[in-house]
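The residues of the chain are indexed from 1 along the displayed sequence. Computed from a prediction, not measured in an experiment: that's the story for all the values here.
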Amino acid sequence: MFGFNLVLLQRFFVKVMEIVKTVAELQAKLSAVREKGQKVGFVPTMGALHNGHLSLVKRCVSENDVCVVSVFVNPTQFNDKNDLLKYPRTVDADVKLLESAGCAYAFIPEVSEIYPQEDTRIFDFGTVDKVMEGKYRPGHFNGVAQVVSRLFDIVAPDRAYFGEKDFQQIAVIRAMVAQLGYDIEIVACPIVREADGLALSSRNTRLSENQRNLAVKISETLFKSRTFASQNSVADTISFVTDTLNNVPELRVEYFEIVDGNTLQSIRSWDDTTYPVGCITVYCGEVRLIDNIKY
């Protein structure tokens with residue numbers, strides 16, 4: 001009988017991912033999708049993709065008919081121009097990863113597509129965007145709101161997926177969705193970590209081998225702080241984490257705060273909330289790393 005190559009047959013029936021670079025083209029393709037009554041899921045990224053991003057993409061693929069992923073390094077959310085210049089860009093590798101994860105459309109626009117005119121909007125989300133990252137990176141969350149709202153307007157997804165490593169960002173985006181009246185479900189996905197516990201981040205690629213070995217102390221200390229917190233106060237737990245990490249060469253804590261996971265306001269006592277979350281930013285050399293832990 002005639003033989004056949006099963007892999008080739010599968011490839012014949014699997015839809016190939018399309019790379020889209022303009023707003024008009026993407027909207028035309030998604031219009032056709034919606035005419036079929038299909039659901040659109042969306043994962044906004046700044047590229048330099050890793051397994052953390054892929055976990056979002058795979059979940060998006062599994063929960064929607066069509067998955068759209070944007071790869072766009074947004075200039076308006078960088079308050080440090082050097083940080084913007086140094087942000088890793090790996091578009092070719094990103095495309096291969098997205099294809100492997102089942103993405104339907106990779107939206108890779110130029111800045112002029114996202115901002116045909118300067119975006120001068122100023123957002124105010126109350127206290128949510130003023131603390132922690134908002135305090136130490138002025139203008140950052142305004143830039144996040146600008147680009148995410150712009151992408152939401154372009155894609156008009158049914159669901160959008162974000163990683164919990166950027167814990168405060170999810171709270172800001174949910175506030176933005178409520179304020180602007182978007183009918184979009186925001187799906188928060190768990191932090192993905194390396195085998196040794198380090199939270200996956202595009203910035204990890206900027207660490208030297210020695211710095212990479214030291215950076216794991218961040219997650220190690222956060223995990224230990226859970227046990228410490230069970231018998232100690234909030235203030236003592238903050239001191240334990242901060243002092244432990246500041247004693248590691250090349251590590252410098254910018255902030256560590258234990259907050260109510262809903263309001264993001266600092267707590268003084270464990271009795272102040274049923275949802276305590278510790279949020280931290282640490283410099284490893286010149287590389288700024290964030291992480292968080294639920295108590």
Q) Which is it for Thr45 and Val69 under the side chain to side chain contact (heavy atoms under 4.5 Å, CB included) test, yes or no, and what are the steps along the way? A) CA-CA 7 Å; Thr45 82; Val69 179; 3.8 Å; yes

Q: Rounded to the nearest 0.5 Å, what's the gap from CD on Gln231 to OG1 on Thr237? Could you check?
A: 10.5 Å

Q: Please examine the side chains of Val248 and Thr221, heavy atoms only from C-beta on, and report whether any two atoms are closer than 4.5 Å.
A: no

Q) Is there any ring pair (Phe, Tyr, Trp, His ring centres under 6.0 Å) pair reaching into residues 156-198, and which pairs are they, with sequence neighbours excluded? A) Phe152-Tyr182

**Q.** NZ (Lys21) with more than 12 external heavy atoms under 6.0 Å
**A.** no

(Q) Tell me whether Asn247 at atom CG has more than 12 heavy atoms from other residues, nucleotides or ligands lying less than 6.0 Å away. (A) yes

Q: Please collect all ring pair (Phe, Tyr, Trp, His ring centres under 6.0 Å) contacts where either partner lies in residues 236-262, sequence neighbours excluded, each pair once.
A: Tyr136-Tyr255, Phe228-Phe240

(Q) Show the nearest heavy-atom pair for residues Val259 and Cys279, with the distance to one decimal. (A) CG2-SG, 4.4 Å

**Q.** Side-chain (Arg159) to main-chain (Asn64) donor-acceptor, under 3.5 angstrom
**A.** no

**Q.** Val73 reachable from Val95 in the ILVMFWY side-chain graph, under 4.5 Å edges
**A.** no

Q) Is there a side-chain contact between Val40 and Val68 (heavy atoms, below 4.5 Å)? A) yes

Q.
Does anything in residues 96-116 form a salt bridge (charged side-chain N to carboxylate O under 4.0 Å, His left out)? List the pairs, not counting sequence neighbours.
A. none

Q: Tell me, please, which residues at least two apart from Tyr283 pass ring-ring contact (aromatic ring centres under 6.0 Å, His included).
A: none

Q. With the 4.5 Å side-chain cut-off for hydrophobic clustering, are Phe107 and Val147 part of the same group?
A. yes

Q | Under 3.5 Å donor-acceptor, Asn246 side chain and Val253 backbone | A | yes

Q: Could you walk me through whether Arg193 and Asp291 pass side chain to side chain contact (heavy atoms under 4.5 Å, CB included), step by step?
A: CA-CA 10 Å; Arg193 299 182 181 275; Asp291 203 343; 2.9 Å; yes

Q: Report the C-alpha separation of Glu164 and Lys294 in whole Å, then their side-chain angles, then the decisive distance to 0.1 Å, and conclude whether the salt bridge (Lys or Arg N to Asp or Glu O under 4.0 Å) test is met.
A: CA-CA 11 Å; Glu164 287 188 337; Lys294 298 172 185 175; 3.1 Å; yes

Q) Short question: side chain of Asn74, backbone of Gly143 - any donor-acceptor pair under 3.5 Å? A) yes

Q | Pairwise distance CG(Asp166) to CD1(Ile191) - rounded to 0.5 angstrom | A | 9.0 Å

**Q.** Connected via hydrophobic side-chain network under 4.5 Å: Leu251 and Ile293
**A.** yes

Residues 213-220 side chain polar contacts: donor-acceptor under 3.5 Å, at least two apart:
unit_1 : atom_1 : unit_2 : atom_2 : d
Asn213 : ND2    : Glu209 : O      : 3.3
Ser219 : OG     : Gly197 : O      : 3.1
Ser219 : OG     : Val216 : O      : 3.1

Q | Approximate separation, where rounding is to 0.5 Å, of Thr273 OG1 and Ile267 CD1 | A | 6.0 Å

(Q) I'd like to know if the side chain of Glu185 reaches the main chain of Asp158, judged simply by a donor and an acceptor atom lying under 3.5 Å from each other, with no hydrogens or angles considered. (A) no

**Q.** Atom of Ile258, atom of Pro276 and distance for their closest heavy-atom approach
**A.** CG2-CB, 4.4 Å

Q. Does some side-chain heavy atom of Phe72 sit less than 4.5 Å from a side-chain heavy atom of Pro44?
A. no

Q.
Using the rule that Ile, Leu, Val, Met, Phe, Trp and Tyr join whenever any side-chain heavy atoms are under 4.5 Å apart, tell me whether Leu200 and Leu98 fall into a single cluster.
A. no

(Q) Using the rule side chain to side chain donor-acceptor pair (under 3.5 Å), only one of His140, Gln146, Arg121 pairs with Thr76; which is it? (A) Gln146

Q. Side chains of Leu49 and Thr90: closer than 4.5 Å at any heavy-atom pair?
A. no

Q) Can you tell me how far CD of Gln265 sits from CD of Glu257, rounded to the nearest 0.5 angstrom? A) 9.0 Å

(Q) What's the separation between atom CG in Leu26 and atom OH in Tyr105, rounded to the nearest 0.5 Å? (A) 8.5 Å

Q | Which residues share a ring-ring contact (aromatic ring centres under 6.0 Å, His included) with His50, sequence neighbours left out | A | His53

Q. Salt bridge (charged side-chain N to carboxylate O under 4.0 Å, His left out): which pairs involve residues 71-94, sequence neighbours left out?
A. Asp83-Arg203, Asp83-Arg206, Lys86-Glu286

Q: Could you list all the ring pair (Phe, Tyr, Trp, His ring centres under 6.0 Å) pairs where at least one residue sits in residues 74-99, not counting sequence neighbours?
A: Phe78-Tyr87

Q: Report the C-alpha separation of Ile122 and Asn142 in whole Å, then their side-chain angles, then the decisive distance to 0.1 Å, and conclude whether the side chain to side chain contact (heavy atoms under 4.5 Å, CB included) test is met.
A: CA-CA 6 Å; Ile122 302 297; Asn142 198 74; 4.0 Å; yes

Q) Roughly how far apart are Met17 CE and Leu97 CG, rounded to 0.5 Å? A) 9.5 Å

Q: Please check if Leu198 and Val282 belong to a single hydrophobic cluster, counting links between Ile, Leu, Val, Met, Phe, Trp and Tyr side chain heavy atoms closer than 4.5 Å.
A: no

(Q) Strictly by ring pair (Phe, Tyr, Trp, His ring centres under 6.0 Å), give each pair with a member in residues 113-132 just once, sequence neighbours left out. (A) Phe123-Phe125

Q) Is the backbone of Thr205 close enough, under 3.5 Å, to the side chain of Arg212 for a donor and an acceptor to pair up by distance? A) no

Q. What heavy-atom pair brings Cys103 and Cys67 nearest, and what distance separates the two atoms?
A. SG-O, 3.7 Å

Q. Has the side chain of Gln169 got a donor or acceptor atom that lies under 3.5 Å from a matching backbone atom of Gly163?
A. no

(Q) Testing the basics here: between Pro157 and Phe42, what is the closest heavy-atom pair and its distance to 0.1 Å? (A) CB-CB, 3.6 Å

Q | Nearest non-hydrogen partners of Val148 and Ile173, listed with the distance | A | CG2-CD1, 4.2 Å

Q. Does any pair with a residue in residues 233-253 pass salt bridge (charged side-chain N to carboxylate O under 4.0 Å, His left out), and if so which ones, sequence neighbours excluded?
A. none

Q.
Check this for me, if you would: do Arg288 and Glu133 make a salt bridge, where the nitrogen-to-carboxylate-oxygen distance has to be below 4.0 angstrom?
A. yes

Q: Would you name the heavy atoms of Ile108 and Val91 that are closest together and state the gap between them?
A: CD1-CG1, 4.1 Å

**Q.** Qualifying salt bridge (charged side-chain N to carboxylate O under 4.0 Å, His left out) pairs with a residue from residues 258-279, counting only residues at least two apart or across chains
**A.** none

**Q.** Student check: side-chain heavy atoms of Val155 and Leu30 closer than 4.5 Å
**A.** yes

**Q.** Within residues 26-39 or reaching into it, pairs that qualify as side-chain hydrogen bond (donor to acceptor under 3.5 Å, both in side chains) - sequence neighbours excluded
**A.** Glu18-Lys29

